[in-house]
Amino acid sequence: MKDLLIVANWKSNKTSKDTLNFFEKFALSPDFPTNIKVVICPSYLSVPTASAFVKEKNLNLEIGVQNISPFEVGAYTGEVAAELAREFATYAIIGHSERRKNFGETDQMLADKVSLCLGFGLTPIFCVPNAETAIPEQVKIVAYEPIEAIGTGEPDTPENAEKVGEKIRQNHPGVEKVLYGGSVIADNVDSFVKMPGIDGVLVGGASLTAESFLMLINKC
Ligand code: PGA
């Protein structure tokens with residue numbers, strides 16, 4: 001069985017109390033198969049809560065952040081530098097289309113963020129809306145997320161996701177894993193992860209309750 005990476009992107013949802021409730025339910029589930037690695041990316045304010053819970057209960061889970069500052073530590077009001085995120089997280093989602101669109105993130109800014117992640121020991125999960133999007137050379141994990149599939153209930157077809165994944169690998173030989181994201185739910189996850197070139201999924205809405213996210217993981 002191939003290794004799978006299942007990433008939860010909670011976006012701007014959940015108080016720290018909601019986060020704790022989620023993890024308390026999630027922790028009751030039996031261990032996942034060893035080929036499955038799960039990364040949960042809460043909002044920044046819940047990251048320390050999530051990280052402490054995972055450590056205390058020794059859960060087989062990684063914590064990620066949804067973004068980092070394009071700068072190092074210093075006088076950048078409102079930003080969280082990679083060096084600070086690293087205290088609680090091991091992964092960082094970089095270049096999500098919601099950030100490209102709503103926060104004006106440019107290819108250069110995203111390349112800087114990838115360098116900062118790697119410099120401070122965070123593994124970037126680099127999101128692209130299509131195979132033509134620039135991908136910084138050091139990136140090893142790419143999430144293909146077509147914009148029209150995000151949060152719409154209208155996922156891409158697994159066959160097209162596979163094709164896009166192939167193109168990404170052809171154009172970027174350093175890429176080791178391609179994930180698919182966009183309206184992934186328990187009922188369709190299997191159709192994506194069974195494609196030979198898809199190494200996992202990035203999940204928004206269906207990761208927000210422990211029940212729906214566990215159901216999805218169990219269908220992989
Ligand atoms: P969705 O979001 O699963 O709610 O479509 C995916 C994402 O934006 O990462």
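We number each residue from 1, following the sequence as shown.
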Has S51 got a side-chain atom pairing as donor or acceptor with V47's backbone, closer than 3.5 angstrom? no
Is the side chain of D18 donor-acceptor paired with the backbone N or O of T15 at a distance under 3.5 Å, no angle test? yes
May I ask you to check whether over 12 heavy atoms, not counting those of N21, lie within 6.0 Å of atom CG? yes
Any donor-acceptor N/O pair, N171 side chain to I168 backbone, under 3.5 Å: no
Hydrophobic cluster membership, V73 vs L118, 4.5 Å side-chain cutoff: yes
Check: I63 and T90 side chains under 4.5 Å, non-hydrogen atoms: no
Verify the neighbour count for atom NZ of K2: are there more than 12 heavy atoms of other residues, nucleotides or ligands below 6.0 Å? yes
Over 60° means perpendicular and under 30° means parallel, so tell me whether F23 and F26 are parallel, tilted or perpendicular. perpendicular
With no hydrogens and no angle check, is any side-chain donor or acceptor of N218 less than 3.5 Å from a backbone partner on L214? yes
Apply side chain to side chain contact (heavy atoms under 4.5 Å, CB included) to I36 and C220, showing your working. CA-CA 8 Å; I36 294 184; C220 286; 4.0 Å; yes
Donor-acceptor pair, side chain of N130 and main chain of V164, under 3.5 angstrom: no
Run the salt bridge (charged side-chain N to carboxylate O under 4.0 Å, His left out) check on R100 and D107 step by step: do they pass? CA-CA 9 Å; R100 292 175 190 262; D107 290 345; 3.7 Å; yes
Indicate whether any N or O donor in one side chain lies under 3.5 Å from an N or O acceptor in the other, for K113 and N67. yes
Around atom NZ of K11, are there more than 12 heavy atoms from other residues, nucleotides or ligands closer than 6.0 Å? yes
May I ask you to test the F120-E72 pair for a side-chain heavy-atom distance under 4.5 Å? yes
Are the side chain of S183 and the backbone of A149 linked by a donor-acceptor contact shorter than 3.5 Å? yes
Over 12 non-hydrogen atoms of neighbours within 6.0 angstrom of CD in E87: no
Is the backbone of P42 close enough, under 3.5 Å, to the side chain of K14 for a donor and an acceptor to pair up by distance? no
Can you tell me how far the CZ atom of F213 sits from the OG atom of S29, to the nearest 0.5 Å? 10.5 Å
Do the side chains of R169 and E176 get nearer than 4.5 Å, heavy atoms only? no
Give a yes or no on whether the backbone of I93 and the side-chain of Y91 come within a donor-acceptor separation of less than 3.5 Å. no
Apply side chain to side chain contact (heavy atoms under 4.5 Å, CB included) to D3 and D199, showing your working. CA-CA 7 Å; D3 288 341; D199 304 292; over 6 Å; no
Distance-only side-chain donor-acceptor flag, S46 / T19, under 3.5 Å: yes
Kindly indicate, with the supporting measurements, whether the criterion side chain to side chain contact (heavy atoms under 4.5 Å, CB included) is fulfilled by K25 and E211. CA-CA 8 Å; K25 286 188 197 147; E211 291 81 359; 3.4 Å; yes
Do the side chain of Q66 and the main chain of C41 share a donor and acceptor less than 3.5 angstrom apart? yes
List in chain and number order the residues that pass side-chain contact (heavy atoms from CB on, under 4.5 Å) with K101, two or more places apart in sequence or in another chain; answer none if no residue qualifies. none
Can you confirm whether L202 sits close enough to E145 that some side-chain heavy atom of one is under 4.5 Å from a side-chain heavy atom of the other? yes
Given 3.5 Å as the limit, does a donor-acceptor pair link the side chain of H172 with the main chain of G174, or not? no
T209 and S212: side-chain donor and acceptor closer than 3.5 Å? yes
Side chains of V7 and V203 in contact at under 4.5 Å (non-hydrogen atoms): no
Evaluate the side-chain proximity of Y144 to L179: yes if any heavy-atom separation is below 4.5 Å, no if none is. no
For E79, check side-chain contact (heavy atoms from CB on, under 4.5 Å) against everything at least two apart and list the hits. S69, P70, Y76
With a distance cut-off below 6.0 Å to the six-membered ring centre and an angular limit of 45° from the axis, does K57 pair with F53 as a cation-pi contact? yes
